[in-house]
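To start, the structure itself, in structure tokens.
Everything numeric here is computed off the predicted structure, so don't read it as measured data. Note: hydrogens, waters and symmetry copies are ignored here, and every other heavy atom, side chains too, is used. Residue numbers begin at 1 in each chain, while the letters A, B, ... track the order of the sequences.
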Amino acid sequence: MRFAVAVFPGSNCDVDAYRALHDVLGRDVEYLWYRETDLSGFDGVILPGGFSYGDYLRPGAIARFAPLMEAVVRFAGRGGMVLGICNGFQLLTEAGLLPGALLRNRDLTFLCDTVPVRVENADTAFTRCCQNGQVLRLPIAHGDGNYAVDAATLAVMEQRGQVILRYCAPDGTVDEQHNPNGSVANIAGIINGQGNVAGMMPHPERAAEELLGGTNGLFILQSMVQELERRQHEASRC
Amino acid sequence: MKLPGAERTARVGLTDAEYARIVELVGREPGDLELDLFGVMWSEHCSYKTSRPLLRLFPTTGAAVLQGPGENAGIVDIGDGLAVVMKVESHNHPSAVEPYQGAATGSGGIIRDIFTMGARPVAMLDSLRFGDLGEARQRSLFRGVVKGIGDYDNCMGIPTVAGEVGFDDSYTGNCLVNAMCVGIIRHTDIKRGAATGVGNPVILVGATTGRDGMGGASFASVDLTAASQERKSAVQVGDPFLEKLLLEACLELFRTDAVVGIQDLGAAGLTSASCETAARGGMGIDLDVALVPRREDGMVPAEVMISESQERMLVIAHQGREEEVQCIFDKWGLNAAVIGRVTDDGMLTIRNGDVVVGQVPAKALAEQAPLRHPEAVRPAWQDDLLDLDVTRLQQQDDWTGTLTALLGTPTIASKEWVYRQYDSVVRTNTVIGPGSDAAVLRVDGTDHGIALTIDGPGRMCLLDPATGAAMAVAEAARNLVCSGAKPLALTDCLNFGNPEKPEVFWQFSQAVVGMSEACRKLRIPVIGGNVSFYNETGASAIVPTPVVGMVGVVEDLAHICRQGFGEPDSVVVLLGA
Amino acid sequence: MKARVLISPKKGIADPQGTAVEQALHTLGFAGVRAVRVGKVIDLELPEGDHTAALAALTCMSEQLLANTVVEAYSCTILDEGA
Amino acid sequence: MKARVLISPKKGIADPQGTAVEQALHTLGFAGVRAVRVGKVIDLELPEGDHTAALAALTCMSEQLLANTVVEAYSCTILDEGA
Ligand SMILES: Nc1ncnc2c1ncn2[C@@H]1O[C@H](COP(=O)(O)OP(=O)(O)O)[C@@H](O)[C@H]1O
């Protein structure tokens, strides 16, 4: 099982993702430069956080045209697992792999904190190690995390269980008071219709060690690992 | 026809005596371009001509010190073959004119100072001062500065882990924005800013050169007036994205052994970078301004030489390795232009194509500004300040009310509004972030950590500059010790008014004396620093504000301590005097 | 020739900047200001040539890169046709 | 009435965002695009009233809040005079 961590000019949480997967979970991980066009040999792709192209124009707007993104689109089309974290989430919406868009935070300021989020659908490849309704404490650090989508699309997403994480109170209550950035319906993370591409503003890779304040992020990363193990197992059986 | 000396010198902000010294050093009357170079290099900001004699009082050596003051940043050993590189620098004047860009480029400059030494920057700290937050202008300065720092540091992917903010009316016309950067390096990877090896190429890398920041260095050495608010061409615009690429490209370049020396372009731009590297290497540099990649048309050689366009570095490489250097910067989409060569004549020679437009001894520019020894006089009002009879103060009955009022004053209140705008955890090494006595970071690949803090008790320095400055050192040391670290070294930023005023220079001298004594007693060497004078508007100077940034080593990350009561029923003990 | 692309948040999409600016204007005493929307203006120069072709190119740039059509609307204009 | 304020980086002030957009447009094949500058457009509604007074108010808003006059230039226009 091999993970690719994409590196765009201006990515800066590529290191965080690498460390969580490699140092903490002991997985095979490689950095992949944005000019690469080949993802063969990789089973999972992480689009990390940071400021690709300085977030100029809009976060993810320019990175979306990087050669590597063409490969990511093909990879996702074949059912490959792609997780976009923070800037990676913004990039996935810009590339059209996920619905909606991420606007400036409601208060217009960058926000670095650790916040509770509720798992809305534990029956996905990215949340399988969680329980429905489980509250995870995850770091956030973003200026543009205000998720927006039109009402019709949102209704479909809700119905299909595509909302996987919502900002909430420590006890799991979802209300406007515990919405750090103004996201519609407190949305913190979503998944595509096929279930193989996910995007989230919180940073699971930054919550992987007790020393750094908690390990709740491992629920997400382990889910991905389990899914890939399951796929490998299946592939070897037939 | 040559202008008479007096007018010429006034234009570049030098005195007649300084002009005479230039004639002596150059061996003739300098040309206009040459005089411009002396104007910026001999400004207070670049030459430290007023502060240098006093700064010699600081203890700067110690078993752990690998690099003391004099380079782009200081370096101190933290064991395991690793070292910490650190420096603090002010960007007060630019921030007063344009808070967002001023603070952003302040971060950018100090970050370059760290990676120019070969280190990977791992943490940022900041020390800020503003006037009364009741005033709209002060709120907008505060907001702009914090956003400027946040946007730059966040985009760079360097966690901002600690800092301090204070408010006092004396900062109304002169906010203080001091930024500190800390990097980690292997001893064997340390780079220095010296040009050596005759014939070696001098390569300008990074951003293109424009008119922005024209004369910023001399700008930092004058009092702020309405006219300086109008000097809009001095506003530099930061591009953190470009700097992030520059950082990664430089670190990649260092992994080859093609680099002889490297220096960032800060105040006085290409002028300071070229004459300082030449002077440190005991060599000369011969460069051609026509080869400098530009973003504006019609720039004259002097403009190219003193432009303070951000995100540029000067690399001296081994001859024959030019292509390799080019290749790395190409990969990161950055310019790299060979603009000159190292020579053995000790001269900074500037060409514009085929024509030599200036030629002066590099050492004269970089190191031989005549020192100033202004008068220091204890202000008459100092006694009045100390003449407070506390027994005559009104007895307070409403303790709860007093406590709430105190906690509500901006200087004491929580600074969460500030540090929530900073990514304090990127790179996943932050064990203790903002909100405690000191920040603690894990050192990659070891079970040690480092602790960082920045402190400056301004009000104390007004009452007694020597004691106040000593208290800055002591407070920083206590913050580290409380977090479980052993203090190792400090870097300082001395923010004062106009040193030509005897009272201000008295404050400055006292502060240096006090700080030196504290450093000696606590055995904490000073490995670098920065002096910011002329923090005045109209007649009033800021209160003297020496700021201390300190690093300590945490032997075992299992034994660190956070601020705040951890659990109920803990025993509370008061230690100390 | 000089050209301009204006990009604004689509109707019905939240505009946090617009809301903040409106409130700030009220605080400053401009009480009657309403419906503030903050967008982007992108000015650029195109090689001299056919007006219609230039507009088509601008539309293309806007669709692909300059605007995020999920949340933003755009409009393109040619400001002059060269000196 | 509807009004618009355009805000752009002043001449001579670096515009990193514009540079990045220009490069991206080149990569996308729009090779001839030059001098890209990114600014802001602020659309708003003012109470009906005198044209001149409205323009004066817009200038005032721009100076005080909308533009950062140290690095930005602005221009104000009235788009219509009400429905
Ligand atoms: N400008 C700033 N940037 C980052 N952190 C800050 C800043 N100002 C204050 N902090 C953090 O807030 C906490 C409290 O700061 P301060 O009120 O100065 O505390 P103290 O008086 O205990 O030093 C500290 O952890 C400090 O690092």
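F42(A) carries R2(A) over the face of its six-membered ring, with the cationic atom under 6.0 Å from the centre and within 45° of the normal.
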Should L68(A) and T37(A) be marked as a side-chain contact (heavy atoms from CB on, under 4.5 Å) after you check the CA-CA gap, both sets of side-chain angles, and the distance that decides it? CA-CA 5 Å; L68(A) 180 61; T37(A) 51; over 6 Å; no
Quiz prompt | Chi angles and distances behind the side-chain contact (heavy atoms from CB on, under 4.5 Å) call for I190(A), F89(A) | solution = CA-CA 9 Å; I190(A) 61 174; F89(A) 182 16; 3.7 Å; yes
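Chain A forms more heavy-atom pairs under 4.5 Å with one residue of G150(B), C155(B), G157(B), P240(B) than with any other, namely C155(B).
Of all non-hydrogen atoms in A141(A) and C86(A), the two that sit nearest each other are O-SG, 3.6 Å.
Listed for the N186(A) side chain is a donor-acceptor partner under 3.5 Å among the backbone atoms of D175(A).
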Chain A to chain B donor-acceptor contacts, backbone plus side chain, under 3.5 Å:
from: N12(A); atom 1: ND2; to: N154(B); atom 2: O; distance (Å): 3.2
from: N12(A); atom 1: ND2; to: C155(B); atom 2: O; distance (Å): 3.2
from: D16(A); atom 1: OD1; to: R427(B); atom 2: N; distance (Å): 3.0
from: D16(A); atom 1: OD2; to: R427(B); atom 2: N; distance (Å): 3.4
from: R19(A); atom 1: NH1; to: R427(B); atom 2: O; distance (Å): 3.1
from: R19(A); atom 1: NH1; to: N429(B); atom 2: OD1; distance (Å): 3.0
from: R19(A); atom 1: NH1; to: D444(B); atom 2: OD1; distance (Å): 3.1
from: R19(A); atom 1: NH2; to: N429(B); atom 2: OD1; distance (Å): 3.4
from: R19(A); atom 1: NH2; to: D444(B); atom 2: OD1; distance (Å): 2.5
from: Y56(A); atom 1: OH; to: D239(B); atom 2: OD1; distance (Å): 2.6
from: C112(A); atom 1: N; to: R420(B); atom 2: O; distance (Å): 2.6
from: D113(A); atom 1: OD2; to: R420(B); atom 2: NH1; distance (Å): 2.6
from: R206(A); atom 1: NH1; to: D423(B); atom 2: OD1; distance (Å): 3.2
from: R206(A); atom 1: NH1; to: D423(B); atom 2: OD2; distance (Å): 3.3
from: R206(A); atom 1: NH2; to: D423(B); atom 2: OD2; distance (Å): 3.0
from: E209(A); atom 1: OE1; to: R442(B); atom 2: NH1; distance (Å): 2.7
from: E209(A); atom 1: OE2; to: R442(B); atom 2: NH1; distance (Å): 3.4
from: E209(A); atom 1: OE2; to: R442(B); atom 2: NH2; distance (Å): 3.1

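Residues satisfying the salt bridge (charged side-chain N to carboxylate O under 4.0 Å, His left out) criterion with E70(A), sequence neighbours excluded, are absent altogether.
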